[in-house]
Amino acid sequence: MATHFLGDTAVLTGRSLRHITRSLDTIITTAITPIAMMLMFVYVFGGAVDTGPVPYVNYMLPGILLITIASGIAYTAMRLMLDMQGGIFERFQSMPIARSSVLWAHVLTSVAANVISLVLVVGVAFLIGFRPDAGVTAWLGAAGLLVLFTLALTWIAVIPGLTAKTVDGASAFSYPLIFLPVVSSAFVPTDTMPGPVRAFAENQPVTSVIDTIRNLLTGQPAGSGLWTAIAWCAGIIALAYVLATLVYRRRIA
C-alpha cells in the first residue's frame, strides 16, 4: 500500500512539475514582489531602522523569505482549483491510484516551486549586501524550517484550492498570510510597537519562525525559539492536513 502511494505520488508530482516548467513565469512572478519589497525596505526604510550590529538586509531577509512563500502558495491553490474545475480529479478517481496522492502531488510541487523562488530571492539579497555568518549546520536548519513553513502554508492553500469557485477566490486567501510578516519582527524590532500590536506580533507563529531563521543565519544560538517555531509549523500542518483531507473526501464522494 505504501509503495502504491509513493509510486502514484511520484508520477502525479512529475505531472505537476512539468506544468511548472512550462510556465516558469509564475515562479518569477512569485519572486518579483518579495524582491521589490526587499529593495524598497533596504534602500528606502533601512536607514531609519536601528537593528544594532546586524545589517538591515540581514535583519529583514527572513521576513521577505516568508512573504515569498505566502505569495507562492496562492498559485498552488489556483492550480488545484483549475484541476478541480477541469474534471481531472474525476478522471483520477476512475483509475486505480491512491486518492491522497493527488493532494500530495500538488503539495510537493508547491515545495519545489517555492524553493526555486526562495533561491532567487536569496541570490538578489547577496547582490545587495547580504552576508550571513551561518555555518553549514545553521544553513541546513534554516532551509529545513523554511520547507516546514512551506508545507504548513501549502496545506492551508489546499483548502481554498478545493472549495473556491474562481481563480481570484482561490488565491485571495493568501493576502492575510502575506500581511502577517508585516506585523511581526520581520522589519522592525517588536519593542518599538505599541502595546496591543506588540503583544500580537510577539505571540504569532510567524515571529518565532522569523526570529529563529534570523538567529541561524547571523550565527546566533537559536535556543528554545527553534522548538517553538517547529511546534507552530507542525501544529498548522496537522490541523490543515485534517481539514484539507475532510474537504477533499467530501468533494470526491
Classify the ring geometry of F41 against F187: parallel below 30°, tilted from 30° to 60°, perpendicular beyond 60°.
parallel
Do L151 and C233 have side chains that get closer than 4.5 Å, going by heavy atoms?
no
Would you name the heavy atoms of I35 and L120 that are closest together and state the gap between them?
CD1-O, 4.4 Å
Are the side chain of R79 and the backbone N or O of H106 linked by a donor-acceptor pair below 3.5 Å?
no
Distance-only, no hydrogens or angles: does the S110 side chain make a donor-acceptor pair with backbone N or O of T76 under 3.5 Å?
no
In terms of hydrophobic clusters joined by side-chain contacts under 4.5 Å, are L65 and L216 together?
no
Of D211, T190, D191, the one forming a side chain to side chain donor-acceptor pair (under 3.5 Å) with S185 is D211
W227/W232 under ring-ring contact (aromatic ring centres under 6.0 Å, His included): CA gap, chis, key distance, verdict
CA-CA 9 Å; W227 300 110; W232 270 114; over 10 Å; no
Between L103 and L162, does a side-chain contact (heavy atoms from CB on, under 4.5 Å) hold up when you go through it step by step?
CA-CA 10 Å; L103 293 185; L162 292 171; 4.2 Å; yes
Have D133 and T218 got a donor and an acceptor in their side chains that come within less than 3.5 Å?
no
d(I236 CD1, L239 CG) to nearest 0.5 Å is 8.5 Å
pair T33-T68: side-chain heavy atoms closer than 4.5 Å
no
L180 backbone acceptor or donor facing Q204 side chain under 3.5 Å
yes
Between the CG atom in L243 and the CD1 atom in I159, the distance rounded to the nearest 0.5 Å is 4.5 Å
Closest non-hydrogen atom pair, V206 against P181:
CG1-CA, 3.8 Å
With clusters defined by side-chain heavy atoms of hydrophobic residues (ILVMFWY) lying less than 4.5 Å apart, directly or transitively, does L153 cluster with V242?
no
Answer whether the closest heavy-atom distance between the side chains of P221 and N215 falls below 4.5 Å.
no
Check whether L127 and L39 end up in the same hydrophobic cluster, where Ile, Leu, Val, Met, Phe, Trp and Tyr are linked by side-chain heavy atoms less than 4.5 Å apart.
no
How about W139: does its CH2 atom have over 12 heavy atoms from other parts shown lying under 6.0 Å from it?
yes
If you measure from CZ on F149 to CD1 on I69, what distance do you get to the nearest 0.5 Å?
6.0 Å
Option among I210, V124, V121 that satisfies the side chain to side chain contact (heavy atoms under 4.5 Å, CB included) test with L61:
V121
Is the charged tip of R214 near the ring of Y59: under 6.0 Å from the six-membered ring centre and within 45° of its axis?
yes
CG (L145) and OG1 (T150) are apart, to the nearest 0.5 Å, by 9.5 Å
Looking at every heavy atom in both M38 and I64, which two are closest together, and how far apart are they?
N-CD1, 3.8 Å
Is V136 isolated, or which residues cluster with it under the ILVMFWY side-chain rule of less than 4.5 Å, directly or via members?
L140
Could you tell me if the side chain of F200 sits less than 4.5 Å from the side chain of M193, heavy atoms only?
no
Distance-minimising heavy-atom pair for A244 and V158
CB-CG1, 3.7 Å
How close do V107 and T154 get, counting heavy atoms only, and between which atoms?
CA-CG2, 3.7 Å
Expected output: side-chain T228 to main-chain S224 donor-acceptor under 3.5 Å:
yes
d(F130 CZ, Y56 OH) to nearest 0.5 Å is 14.5 Å
For a quick test of reading the model, state the closest non-hydrogen atom pair linking V182 to I178 and the distance between them.
CG2-O, 4.3 Å
Look at the side-chain heavy atoms of Ile, Leu, Val, Met, Phe, Trp and Tyr, link any pair under 4.5 Å apart, and say whether I128 and F45 land in one connected group.
yes
Side-chain heavy atoms under 4.5 angstrom apart, residues restricted to Ile, Leu, Val, Met, Phe, Trp, Tyr: same cluster for L118 and M60?
yes
To the nearest 0.5 angstrom, please state how far the CG atom of N114 sits from the CG atom of L146.
10.0 Å
